[in-house]
2 protein chains.
Amino acid sequence: MPTVETASRVLTDKSARTQERIRAAAAQVLTERGMATARLGDIAAAAGVQAPAIYYYYASREELIEDVIRQGQIGTETRVTQALDELDEQTPALDKICVAVEAHLRALHELSDYTTAAVRNVGQMPTEMRARMQADQRRYGRVWKRLFEQARDQGELREGLDLRAAQLLVIGALNWTPEWWADSSVPLDTLIATACDLTRRGLAADPRS
Amino acid sequence: MPTVETASRVLTDKSARTQERIRAAAAQVLTERGMATARLGDIAAAAGVQAPAIYYYYASREELIEDVIRQGQIGTETRVTQALDELDEQTPALDKICVAVEAHLRALHELSDYTTAAVRNVGQMPTEMRARMQADQRRYGRVWKRLFEQARDQGELREGLDLRAAQLLVIGALNWTPEWWADSSVPLDTLIATACDLTRRGLAADPRS
DNA sequence: GTCTATATCTTGATAGAC
DNA sequence: GTCTATCAAGATATAGAC
C-alpha cells in the first residue's frame with residue numbers, strides 16, 4: 001500500500017487526500033477571513049467534514065494553521081528559487097530580481113490559497129508559532145538578500161542605496177498585493193510588468209537600464 | 001461643563017479621557033497581537049480598567065475595534081493631506097508623491113499605534129465592518145490617485161505605466177513596513193529616504209529626475 | 001463611571017459509537 | 001476515519017451595587 005510520510009504519522013492514500021482537502025480548505029478560509037475569524041467549523045464545512053475529523057490529522061487548530069502557513073511559505077520560496085535556477089549563470093542581477101518579482105507574484109496569485117494565506121496571516125501569528133517559523137522566513141529572506149548583494153557587487157545598483165530597506169520595500173509591495181489585486185481590474189501580467197518595471201528603475205544605477 | 005460630542009453620546013472631560021485611554025490601549029494590543037488574539041481583557045488591562053468598563057463607551061468589542069481602525073485611517077489621511085496642503089501649488093507632482101510617501105511612513109511609525117493597528121488589521125475585518133469602512137478607504141485612495149494623475153498629466157511619469165497598479169504597489173510597500181521595520185536596524189529617516197528614492201526613480205519619465 | 005458577580009454564548013477539543 | 005454528542009474553557013456581555 002502506497003504511503004506518505006508526514007510529521008508524525010504514516011498515512012494511506014485516502015487519508016492523505018482527506019488531509020489535503022482539510023488543509024486546502026483551511027488555506028481558503030484563512031485567505032478570505034483571516035486567522036482572527038477563521039473558525040474550525042468553517043474550515044471543516046469548506047472541507048466537507050465535521051469539525052472533529054480534523055483532529056484525526058492535527059492535534060490542534062494552531063497546528064493546522066501553522067501547517068498551512070508553512071506550506072505557503074515553502075511554496076513561494078520553491079517557485080522563486082526554481083525560477084532563478086533556470087536562469088543562465090551570468091544573467092544580470094537586476095534581471096534576476098525581476099524574475100524573482102514575477103515568480104513571487106505568480107506564486108501569490110496563481111499557485112493556490114496557501115501562499116496568500118501565508119502572507120495575509122504571517123503578521124498575526126502567536127509568538128511561539130512565529131519563533132518556529134523564523135528559520136523558513138530567514139532562509140527565503142536570504143535568497144533575496146543574495147540577489148541584492150549580487151546586484152550591488154556588479155555595480156547595477158545606485159550608489160548609497162540601503163540594501164535592507166530597499167529589499168523589504170520591494171517584497172512589501174508584492175506581499176501587499178493580495179489586499180487589493182483580486183478586487184482590481186488589473187490583469188496579472190500588467191501587475192507583474194509594473195512591479196518589475198518599478199523595481200528595476202527604482203534600483204538601477206544606469207538610468208537607461 | 002466642557003463636553004465632547006461623539007457618535008451617540010455626550011461625554012464629560014473625564015469620560016472622554018477614559019475612552020481615549022481605552023482606545024489607545026486597544027490600538028496597542030491590536031498592533032502587537034492582532035485582531036485574532038486581542039482579548040477584551042487584555043485591552044482593559046492595558047487601559048487600567050476592568051473589562052466591563054469598556055461597555056460604558058462601546059456597545060461591543062467590534063465597535064471598539066472599528067473605532068480604532070477608523071481613527072488610524074483618518075490619522076494617516078489627515079497627516080498626508082496636511083503635508084500636501086503645505087506645499088506650494090506648483091510643486092512638481094513627483095515631489096508631492098515623495099511628500100506623501102514620507103507623511104504616510106511617519107504616520108505609521110511616529111504618530112501612534114492607531115495607524116499601525118489600522119494597516120495590520122484592515123485585512124482581517126469582518127465583511128460588515130469592511131463595508132462600513134469603505135468610504136474612508138476610498139477617499140484616501142483618491143488622494144493618491146489624484147497625485148498620480150497629476151504626475152501623468154504633467155508628463156512626469158514614464159509612458160505606458162499602469163497608474164492603478166503603480167499606485168497600489170507603492171502604497172503596499174509602505175503599508176508592509178510595520179511587519180519588519182521595528183525589528184530592523186534601519187533608521188526611520190533611511191527608510192523614508194529609500195522609499196522616496198525607489199518611488200521617484202521607479203515612476204519618473206526623466207532618468208535624471 | 002467603574003466595579004464585582006454572573007449569565008450567556010461561542011468554539012476548541014474530547015469521548016465513544018459505528 | 002468520521003460521526004454524534006458533549007465537555008470545558010474562555011470570551012463577550014449584562015445586572016446591579018457603589
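It should be emphasised that the depicted structure is a prediction, and the values quoted were computed from it without experimental measurement. Side-chain atoms are counted along with the backbone in the values below, which use heavy atoms only and exclude waters and symmetry mates. Protein chains get the first letters and strands the later ones, always in sequence-line order, with residue 1 at the start of each.
The backbone N or O of A166(A) lies less than 3.5 Å from no partner atom in the side chain of T194(B), so there is not a single donor-acceptor pair. Not one N or O on the side chain of R152(B) forms a donor-acceptor pair closer than 3.5 Å with the backbone of L157(B). Remark: the backbone N or O of Q73(A) is not paired with any side-chain donor or acceptor of Y140(A) at under 3.5 angstrom. Distance alone, capped at 3.5 Å, places no donor-acceptor pair between the R201(A) side chain and the R201(B) backbone.
Considering only the side chain of P52(B), dA15(D) comes nearest among dT2(D), dA5(D), dA15(D). Distance from the side chain of R61(A) is smallest to dA13(C) among dA13(C), dC3(C), dA13(D). For Y57(A), taking side-chain heavy atoms from C-beta onward, the closest of the listed nucleotides dT11(C), dT2(D), dA13(D) is dT2(D).
Y56(B) has no side-chain polar atom (N or O) that falls below the 4.0 Å cut-off from OP1 or OP2 of dT2(C). Close to dG1(C), at under 4.0 Å from its OP1 or OP2, lies no side-chain N or O of Y55(B). T18(B) has a side-chain polar atom (N or O) that falls below the 4.0 Å cut-off from OP1 or OP2 of dT2(C).
Ring planes of W144(A) and F148(A): tilted class, angle from 30 to 60°.
Atom pair L40(A):CG and dT2(D):P shows a separation of 15 Å (rounding to whole Å applied). Rounded to a whole Å, the CD1 atom of I54(B) is 13 Å from the P atom of dT14(D). Atoms CZ (R17(B)) and C1' (dG1(C)) sit 13 Å apart, rounded to a whole Å. In this structure, the CZ atom of R33(A) is 11 Å from the P atom of dT11(C), given to the nearest Å. Atom CG in D13(A) sits about 11 Å away from atom P in dG1(D), given to the nearest Å. Distance E62(B) CD to dC9(C) C1': 15 Å, rounded to the nearest Å. Across the protein-nucleic acid pair, Q50(A) atom CD and dT2(D) atom P stand 12 Å apart, rounded to whole Å. What separates CZ of R39(A) from P of dG12(C) is a distance of 8 Å, to the nearest Å.
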